[in-house]
Amino acid sequence: MKYEIEKDIMTDNYYLNMGPQHPSTHGVLRLVLRLDGETVLDAVPDLGYLHRGMEKIAESRTYSQFLPFVDRIDYIAALLNEHGYCLAVEKLLGVTVPARAEYIRVIVAELNRIASHIVWYGPFAMDLGAITPFLYAFREREMILDMLESVSGQRLTFAYMRIGGVRQDLPEGFIEKARAFCKYLKPKIDEYETLLTENAIFLKRTKGVGILSGEAAINYGCTGPVLRGSGVKYDIRKNSPYSVYPELEFDIPTGTVGDTWDRYKVRLEEMRQSARIIEQALEKLPSGPIMAEVPKIIKPAPGEAYGRAESSRGEIGFFVVSDGTQYPVRLKIRTGSFSNLSALRDLVKGLKIADVVAVLGSIDIVLGEVDR
Amino acid sequence: MTLLFELIKQLIIAAVLLGFIAVNAMFLIWLERRLCARFQVRIGPNRVGFQGCLQPIADMIKLLQKENIVPKDSDQLIHLLAPIVVFTAAFMAYLSLPFGPKLIALDMDMGILYIFAVTTLSVIGILMAGWGSNNKYSLLGGMRSVAQIISYEIPLVLSIFGVIMLSNTLRLPGIVESQKGFFGWYIFQQPLAFVIYIIAATAELNRAPFDIPEAESELTAGYHTEYSGMRFGIFFLAEFTSMFMVSALAVCLFLGGWQGFGILPAPLWFIGKCYAVIFLLIWFRWTFPRLRVDQLMAFGWKILTPLAFLNILVTGLLISVK
Amino acid sequence: MIKFTVKVFKRVTSLLEGMAVTIKYFFSGPVTMQYPDKKWTLPERARGVVTLIIDKETGKHRCIACLACVRTCPNFSLAVEVKTDENKKRYPGKFTLELGKCMFCGLCVDSCPTKALMMNNEYELAVYTRKELTRSLLP
Amino acid sequence: MTDQDRIKQLLERFPGNSLTAAPDNGVLSVTIRPENIALVCSFLSGTLKYDYLHFLTCIDRTDKLEMRYYLYSYSHQGTLVIKTDIARLNGKISSVSSIWKTAEWHERETSELFGVVFEGHPDPRRLLLDDDMDGHPLLKDFTHKVLVKLPKA
């Protein structure tokens, strides 16, 4: 929507500070909006409020000591970060993880993906004014967190995966609970859909709002549901597969126009696919060791490796450079939210303030990932 | 002597009315929080008193002893007066509400006109609050609410015309008496008018899908962002007072006022129906997302107002044919 | 014209469907729990505060002050003061854990050669002063 | 169009010893001199269709800074790494944000963490750190009064 400013009456633009403390910036993001009335002329993000210097910390921690920190990069999808980090270090070490550990990793990672999408769905509905779906969604998330707590011992920052495998085997009774949960979840997601997807007000608020074309998404380096929402059929689990994903079939939902509604629909569809993956993985779970032979103090040969996994917010990649000692020389963390957020500035030009909230919610950023 | 007596009588009526409103608003606050909790599969306040019934009083005491923070270089006077204007507007409308056959504070022969005239005063209060708080978010909230209430006043009033044409009186008790028996209620003769009225009324209250003036997720709290302590309490009270008033009006016009089926006394029937309508308003609020400002205007002007005119036309034709 | 009315009809029914879902949950009971009255039973692996395993009968712990846990802690929140008793055996004089720094990651428990550490199910850790955050693990 | 053809095209396009390309385990790594980074990148993103820049970052090797550009192509699923070395103190390299928009933020972050100057960057403000923070934290010799030397375990 091209926006022209009529010049007859002398109106003045003003700056609004959608500051670090704002109910719908999903964390400490500061957006400086230049507004003409309600219409946004420019939105400049100001980052760094949650910059903890993860990459500097990594340089003074051994490879296994850095694992709990990896959970705190994207604290909503912690297991997906761990999966990416373990892949990178195992690629550097040349370690092959036993099959059972790989399947356990996929099961807990996909459970965490559903929980992460739920934490996106609840606040996204609340940003648009519908407060009740948040409570329904978090009822399901509690069940997932209880299951993951029985496996790893924690509810958010799990520190469950180790380089070369996982810390402990699945507790008994977990497999039945997980299978029952997947069956329980499917009708619940349909209910989420009846609440919002066809809702007249929701359609008006999201259809055609914040359109991101395929090329622009690639150019901005957007990955994950934001990229798939714009119609690009790319998922790391399918296009450059890792772990045991080739043995599991699931399809990749993509949007058509690339507006807020498409990104919403893609994520809901992904929750169903994750449930499907978990069910298959539970069937094919082999027995065997859960940890590869990894020396106590990990000293990889000098070299560098880039391992990446498909997190719920896009590609989370770890670029590890080692010089033979037990401390990495450099650990670059490439996160999905960082690049997805860079597209926001072009998306919201000409929209209303209420749309900025809707588009920001549909991009689903976590500030821990953006600022690292 | 009779002037003095008259004065005392009016004072007593006013005191009773204010007492009823305060108690009713307190109960409504508790009711809304409990029903909202039921909708959201949670428990809601149940600590203070039996099942949390003393919670509103606890809230009021908390608000009373809280400091009234006034932003630095804001307009102190306007900031102080805003909640008072909003509350008096909501409170004055109760004068001509018929709680029972004889139970009416002031039986004016154009009761409805008076109510609509008075309720629009709250817009000025909200605008004062928006401007007085010297905060961009409140100003935005204030501006939005002015636009919204003005553009929804028209369908609200137009939707009443059908009922007035049928009952050909502006006196509220008169309208109530003209609805004979259960099928005499105007909701059956004027279903479209009822729907338009309910939608426009929710917009008037800044509630449910139309709560853009105090949109929590965009404007933090809209026009009452900078209010704390008892000033915020008065805003809160005013919101629930006007909520009851709007549903009382709906009951009088469409649901046969105090006419019930005998066993219960008339006022209880009236208040019972009001709570049914209030349940509907609460149900709206906890289900629907929020409309955007421009969509809200478009909906109000392009859809509701033409529908209201259509309704008047059809009612006119039907009356002339009969 | 028909397409328009169908669209409007679909729009209105979508609103009503949404309301149907909420009223359905209105009549189903609450899912939440009164926290202080009823407490959640944690699964057996839950990682609470790091503590030394004290053997019931002998009341002794198995720690040999080898500092493996102090070395492996990512946040350096464990501190042990090593003492040697009469027959040259090392034992911890002071063993403090700084809860303010601890990340509850469990690396120390894994790295302990004599399995002397464990994480209990305690999760109510709020304290009033920063001093109370440093806990001594020894009885 | 396998990696070999792409290397051949690259070598034809950039004769002389300024460019060496070698595939190591599935990733085509290209080492070039920092001056012609912009030329090579526009060639790569144009004709060779590497349209997605994973990330670009810097490694502090105490005597020089090594730059890494990880590229990927959606059309032929090939990955490619560009390696260049630049001087350790205020090394200069031209910006590639005109080719890939995502580079804008990555370059701003690398410039404030490593002190690399990206010429031609549209908006070279700070991204993550405070404005009054001096020094570049990710350099090995960065010291700050708050930082305490950790006991090497």
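Numbers restart at 1 for each chain; the letters A, B, ... are given by sequence-line order, proteins then strands.
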Notebook entry, point to check: L50(A) versus chain D, heavy atoms under 4.5 Å apart: side chain, backbone, both or neither?
Noted result: neither
Note to self: To the closest 0.5 Å, what do you measure between SG (C222(A)) and NZ (K101(D))?
What the structure shows: 11.5 Å
Check: Which bit of I57(A) comes within less than 4.5 Å of chain D, counting heavy atoms only: side chain, backbone, both or neither?
Finding: neither
Next item on the list: Describe, in one word, how the ring planes of Y52(D) and Y72(D) are oriented to each other, choosing from parallel (under 30°), tilted (30 to 60°) and perpendicular (over 60°).
Entry: perpendicular
Margin query: Shorter than 4.5 Å, heavy atoms on both sides: which option in D60(D), D130(D), L127(D) has the most such pairs with chain A?
Written below: L127(D)
Note to self: What part of K56(A) gets within 4.5 angstrom of chain D, counting heavy atoms only: side chain, backbone, both, or neither?
What the structure shows: both
Note to self: Taking the ring centre of each residue, are Y242(A) and Y245(A) less than 6.0 Å apart?
What the structure shows: yes
Next item on the list: Heavy-atom distances under 4.5 Å only: say whether F338(A) touches chain D with side chain, backbone, both or neither.
Entry: both
Item checked: Best-contacting candidate, R372(A), R334(A), E55(A), against chain D by heavy atom pairs under 4.5 angstrom -> R334(A)
Notebook entry, point to check: Rounded to the nearest 0.5 Å, how far does CE of M67(D) lie from OG1 of T110(D)?
Noted result: 6.0 Å
Check: Which pairs count as side-chain hydrogen bond (donor to acceptor under 3.5 Å, both in side chains) when at least one residue sits in residues 299-310 of chain A, sequence neighbours excluded?
Finding: R228(A)-E310(A), Y234(A)-R308(A), S240(A)-R308(A), E304(A)-R68(D), Y306(A)-E315(A), R308(A)-E315(A)
Check: Side chain, backbone, both or neither: which part of V329(A) has a heavy atom under 4.5 Å from chain D?
Finding: both
Check: When the aromatic ring centroids of Y50(D) and H76(D) are compared, is their separation below 6.0 Å?
Finding: yes
Margin query: If you count heavy-atom pairs within less than 4.5 Å of chain A, which of Q77(D), E104(D), E109(D) leads?
Written below: E109(D)
Next item on the list: Using non-hydrogen atoms and a 4.5 Å limit, figure out which bit of N340(A) sits close to chain D: side chain, backbone, both or neither.
Entry: neither
Notebook entry, point to check: When you look at L44(D) and I99(D), which way does the side chain to side chain contact (heavy atoms under 4.5 Å, CB included) test go after all the steps?
Noted result: CA-CA 10 Å; L44(D) 284 174; I99(D) 304 162; over 6 Å; no
